[in-house]
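Working notes for the structure below.
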Amino acid sequence: MFAKIKSLVFIDAFQLELSGPKGNCLRGVLKDDKGSICSTIEKDIAADKEQLTWTGLSELPYGRYTLELSQGEDEMKMNLVKRV
């Protein structure tokens with residue numbers, strides 16, 4: 001695993017703890033429960049361990065989301081919930 005999320009419930013932002021070789025690019029896609037892309041992010045990893053705050057999610061409706069992360073050939077998915 002190259003990323004951990006601090007909480008699976010968010011309101012307008014969430015934090016990721018990233019680990020892996022520096023110099024790799026992290027790509028994230030946040031999808032709603034229908035599979036529509038709601039937000040994307042790309043970040044070059046500058047250190048072996050780094051924290052990333054994904055902001056700008058306050059306009060999304062409440063509900064379930066899927067976070068898809070990829071770094072090189074590594075991929076992972078996490079289920080998140082946006083609440084009040």
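Numbers for residues simply follow the sequence, beginning at 1.
Between Val29 and Arg27, some side-chain heavy-atom pair lies under the 4.5 Å cut-off. Between Leu26 and Ile41 the shortest side-chain heavy-atom distance does not fall below 4.5 Å.
Note that CD1 of Ile5 and CH2 of Trp54 are 9.0 Å apart. Values are rounded to the nearest 0.5 Å. Note that OG of Ser39 is 12.0 Å distant from CG of Asp32, once rounded to the nearest 0.5 Å. Rounded to the nearest 0.5 angstrom, Phe10 CZ and Leu30 CG are separated by 5.5 Å.
Nearest heavy atoms, Ile45 versus Ala47: CG2-O, 3.0 Å.
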Would you tabulate the side-chain donor-acceptor contacts of residues 59-83 under 3.5 Å, counting partners in other chains and residues two or more places apart, or write 'none'?
| from | atom 1 | to | atom 2 | distance (Å) |
| --- | --- | --- | --- | --- |
| Tyr65 | OH | Pro61 | O | 2.5 |
| Glu68 | OE1 | Lys31 | NZ | 3.4 |
| Lys82 | NZ | Ile11 | O | 3.3 |
| Lys82 | NZ | Leu57 | O | 2.8 |
| Lys82 | NZ | Ser58 | O | 3.0 |
| Lys82 | NZ | Leu60 | O | 2.7 |

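Ion pair Glu17/Lys6 flagged as a salt bridge, since at least one NZ, NE, NH1 or NH2 atom sits closer than 4.0 Å to an Asp/Glu carboxylate oxygen.
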